Amino acid sequence: MSDDKKLTPRATDFSAWYNEVVLRAELADYSPVRGCMVIRPDGYGIWERMQRALDDMFKATGHRNAYFPLFIPESFLTKEAEHVEGFAPELAIVTHGGGKALEEPLVVRPTSETVIYAMFAKWVQSHRDLPLLINQWANVVRWEMRTRLFLRTLEFLWQEGHTAHATHDEAEEETRRMLGVYRTFMEGWMAMPVVTGQKSESEKFAGALRTFSCEAMMQDNKALQAGTSHNLGQNFAKAFDLKFQTESGGTDYAWNTSWGVSTRLIGGLIMTHGDDVGVRIPPRLAPTEVVIVPIWRADEEKTRVLETANQIRTDLENRQRGTEGRVRVHLDARENMKPGAKYYEWEMRGVPVRMELGPRDLTNQQAVLVRRDTKEKTPVAFAELGVAVERLLDVIQQDMLNTAKERREQNSLRGNITYEKFREVMAGEGAFVYAGWCGGDACEAQIKEETKATIRVLPDEEFRSPEAPTHCLRCGQPATTEAVWAKAY
RNA sequence: CGGGAUGUGGCUCAGCUUGGUAGAGCGCUUGACUGGGGGUCAAGAGGUCGUGGGUUCAAAUCCCGCCAUCCCGACCA
């Protein structure tokens, strides 16, 4: 950074921009332990709003929260063969406690399928105990080699839903339902459009029958897996003896699902909406929606301006806004900073609306509203402020989604594409490429090897191309399915 | 774990080649003026130079070890 007040532009170095923005907007900081992070109040505030929105949706779909332990007996992990294999390299294992070597090492949970289904096995006897719909908010640990703030850290916060059902179809329905909840949240709250679909065999969760995911496009045209939902089949039920008595009197293993999103979403939010001035937070997730910046010269002006500013804040806070609750307003009355410096600071932090209020405005009985997303300034009469602010927040929320969606579509390629062209795109600016796939592991592996691009999803119907691709991108054989290819985080 | 780089006030870094008084900008504190897009001036506070050893009359500087961080590769939400 030559000018240490400005961020490295996204176009110059996207990952340098990302790191700077996270640190400068005070969302997170590095911890004393390599690969771990501290989530600072402004970052955690976003997470809290995410939690609230998601938790409400989980409850509305019949789930209840519970909490399972951080420590898992090592032997539990080894009970489901594929599952162990998937996680073994990234486990943190506790071997000592109370000054003595433990008889059996304890794994710090990388995910909780094993403990949870072991417990489910105790709780479920009859089909009348099903479905069992549980969610937990927790931290998990995966010993990653390379880490990045929010996107991949050794420890992260997430939510993991775990359910048990009487039939495969019910489990499948649940898996899809929760994928839909995620999509609703990502688009409606995060203003982050996603492509949903099924993961290929090689990309699915270790131990699952099928994995579905929401994939979002970041501003460097790379894909971020933003949420996953797994149909676990009876794999874990068999490993943990999770059986129930059926209506007809027989016994059967239960069918499980699990689904999760993590603090990684915050990284996705930043990389979807951030600009060269800082982060941009969509109103529904912004801990502060409106910041009032008062302007004054003489003391006499200061008194009048602050008095009015306080009044406006109170008025806004007291408005009834349905499910959205109170308008979250902050009055920045710091005396040691000039208004301009405050503007830059709040833009860096991503507050969606700034209200400027000075002596001239008092005279005109108005305030100036400034949108963080477009920088557009509009004077609004005091009498209409409340309505105008609410409407503006809604418009910003909607516009941010539309803008992100347009960007994604502009950077998506459909239709017949030669492998040569594909390699060129992946080596250059990147894209979501919708192309045919023969379904073969070999082609998938070769493409990954040659271009670093992977199958993000086999897209759900609404995302598929109007004309289905006919040939495999790599081998030219008839395509069995359409796949979305991209480089991924 | 392989390749590359870097460790010096809170932050970004200069100083190291050629050993000899520890520096700058930003930030911070106090005060005054200032205030509609990153203010000015004045006075201050703040550093075992990553760490351990070695060479030397003398080490931020030269040599060796270790540690940490960052970037690039093999693994991944």
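The shown structure was predicted, so the numbers you read here are calculated from the model rather than taken from an experiment. Per chain, numbering begins at 1; letters A, B, ... match sequence-line order. FYI, side chains are in, hydrogens and waters are out, and symmetry mates aren't considered; it's all heavy atoms of this structure.
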Cation-aromatic face contact A:Arg109/A:Phe68, 6.0 Å, 45 degrees:
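A:Arg109 over A:Phe68 ring: no.
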Test the A:Arg408-A:Phe432 pair against the cation-pi criterion, namely NZ or CZ under 6.0 angstrom from the six-membered ring centroid and within 45° of the ring axis.
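Verdict for A:Phe432: no cation-pi partner in A:Arg408.
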Rounded off to whole Å, could you give me the [atom1]-to-[atom2] distance for the [X] and [N] pair?
{"X": "A:Arg334", "N": "B:G27", "atom1": "CZ", "atom2": "C1'", "answer": "14 Å"}
{"X": "A:Asp299", "N": "B:C33", "atom1": "CG", "atom2": "P", "answer": "9 Å"}
{"X": "A:Leu7", "N": "B:U12", "atom1": "CG", "atom2": "P", "answer": "15 Å"}
{"X": "A:Lys375", "N": "B:G38", "atom1": "NZ", "atom2": "C1'", "answer": "13 Å"}
{"X": "A:Lys302", "N": "B:U34", "atom1": "NZ", "atom2": "P", "answer": "13 Å"}
{"X": "A:Arg304", "N": "B:G35", "atom1": "CZ", "atom2": "P", "answer": "16 Å"}
{"X": "A:Asp332", "N": "B:G36", "atom1": "CG", "atom2": "P", "answer": "14 Å"}
{"X": "A:Asn336", "N": "B:C33", "atom1": "CG", "atom2": "P", "answer": "15 Å"}

Give a yes or no on whether the ring-centroid distance for [X] and [Y] is below 6.0 angstrom.
{"X": "A:Phe240", "Y": "A:Tyr117", "value": "no"}
{"X": "A:Trp47", "Y": "A:Trp158", "value": "no"}
{"X": "A:Trp346", "Y": "A:His330", "value": "yes"}

[X] [atom1] to [Y] [atom2] distance, which is reported to the nearest 0.5 Å:
{"X": "A:Leu157", "Y": "A:Ser262", "atom1": "CG", "atom2": "OG", "result": "8.5 Å"}
{"X": "A:Asp332", "Y": "A:Met355", "atom1": "CG", "atom2": "CE", "result": "13.5 Å"}
{"X": "A:Arg304", "Y": "A:Leu362", "atom1": "CZ", "atom2": "CG", "result": "5.5 Å"}
{"X": "A:Leu151", "Y": "A:Glu144", "atom1": "CG", "atom2": "CD", "result": "11.5 Å"}

[atom1] spacing across the pair [N] / [M], given as an integer number of angstrom:
{"N": "B:U29", "M": "B:C70", "atom1": "C1'", "result": "33 Å"}
{"N": "B:G47", "M": "B:C13", "atom1": "C1'", "result": "14 Å"}
{"N": "B:G46", "M": "B:A22", "atom1": "P", "result": "15 Å"}
{"N": "B:G7", "M": "B:U12", "atom1": "C1'", "result": "14 Å"}
{"N": "B:C63", "M": "B:U21", "atom1": "C1'", "result": "26 Å"}
{"N": "B:C16", "M": "B:U8", "atom1": "C1'", "result": "11 Å"}
{"N": "B:U61", "M": "B:G27", "atom1": "P", "result": "31 Å"}
{"N": "B:A68", "M": "B:C28", "atom1": "P", "result": "33 Å"}

Just call it for [X]: base, sugar-phosphate, or nothing, with non-hydrogen atoms closer than 4.0 Å on any strand.
{"X": "A:Pro89", "result": "nothing"}
{"X": "A:Val368", "result": "base"}
{"X": "A:Phe156", "result": "base"}
{"X": "A:Leu224", "result": "nothing"}
{"X": "A:Glu347", "result": "base"}
{"X": "A:Thr153", "result": "base"}
{"X": "A:Glu301", "result": "nothing"}

A:Lys338 vs B:G36: side-chain N/O to OP1/OP2 distance below 4.0 Å:
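The answer is yes; a side-chain N or O of A:Lys338 sits under 4.0 Å from OP1 or OP2.
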Hydrogens and angles aside, do A:Asp55 and A:Trp137 bring a side-chain donor and acceptor to less than 3.5 Å of each other?
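Side chains of A:Asp55 and A:Trp137: pair found under 3.5 Å.
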Can a donor-acceptor pair be found between the side chains of A:Gln225 and A:Ser213 at a distance below 3.5 Å?
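No donor-acceptor contact under 3.5 Å links the two side chains.
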Passing option when A:Thr374 is tested against A:Arg372, A:Lys377, A:Arg371 for side-chain contact (heavy atoms from CB on, under 4.5 Å):
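The option that passes is A:Arg371.
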Residue of the set A:Leu265, A:Leu54, A:Thr196, A:Val194 for which side-chain contact (heavy atoms from CB on, under 4.5 Å) holds with A:Tyr182
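Output: one option passes, namely A:Leu54.
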Start at the 5' end of RNA chain B and walk down; is the nucleotide closest to A:Gln225 or to A:Met348 reached first?
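Closest to the 5' end, via its nearest nucleotide, is A:Met348.
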Need to verify one output field. Residue with the more 5' nearest nucleotide on RNA chain B, A:Ala341 or A:Tyr489?
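The residue whose closest nucleotide sits nearer the 5' end is A:Ala341.
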Syn or anti: how is B:U21 classified when any glycosidic angle within 90° of 0 counts as syn?
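Syn, angle within 90° of zero.
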Sorted by number, the residues of residues 275-298 of chain A with heavy-atom contact under 4.0 Å to RNA chain B
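Result for residues 275-298 of chain A: A:Ile295, A:Trp296, A:Arg297, sorted by number.
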Enumerate the side-chain hydrogen bond (donor to acceptor under 3.5 Å, both in side chains) contacts for residues 80-92 of chain A, please, sequence neighbours excluded, ordered by first and then second residue.
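The answer is none; no pair qualifies.
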Who pairs with A:Arg297 by salt bridge (charged side-chain N to carboxylate O under 4.0 Å, His left out), at least two apart in sequence or on another chain?
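In terms of salt bridge (charged side-chain N to carboxylate O under 4.0 Å, His left out), with neighbours along the sequence ignored, A:Arg297 is linked to no residue.
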Given B:G37, B:G38, B:G36, which nucleotide is nearest the side-chain atoms of A:Arg354?
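When the side chain of A:Arg354 is considered, B:G37 is the closest of B:G37, B:G38, B:G36.
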Looking only at the side chain of A:Lys452 (C-beta and beyond, no hydrogens), which of the listed nucleotides B:G73, B:G37, B:G36 gets closest?
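Nearest nucleotide to the side chain: B:G73.
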Nearest heavy-atom neighbours spanning A:Pro110 and A:Val107
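Result for this residue pair: CD-CG1, 4.0 Å.
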Under the ring-ring contact (aromatic ring centres under 6.0 Å, His included) rule, what do A:Phe236 and A:Trp255 come out as? Steps first, then yes or no, please.
CA-CA 8 Å; A:Phe236 286 92; A:Trp255 298 80; over 10 Å; no
Mind listing the N/O atom pairs, protein and nucleotides 67-70 of chain B, below 3.5 Å?
residue, atom, partner, partner atom, Å
B:U69, OP1, A:Arg34, N, 3.3

N/O to N/O distances under 3.5 Å, protein versus nucleotides 1-9 of chain B:
none

A:Tyr344 over B:G38, stacked by centroid distance under 5.5 Å, angle under 30°:
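Yes, A:Tyr344 stacks on the base of B:G38.
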Strand RNA chain B in bracket notation, Watson-Crick/G-U under 3.5 Å with | for pairs to another chain
(((((((..((((......[..)))).((((((.....)))))).....(((((..]....))))))))))))....
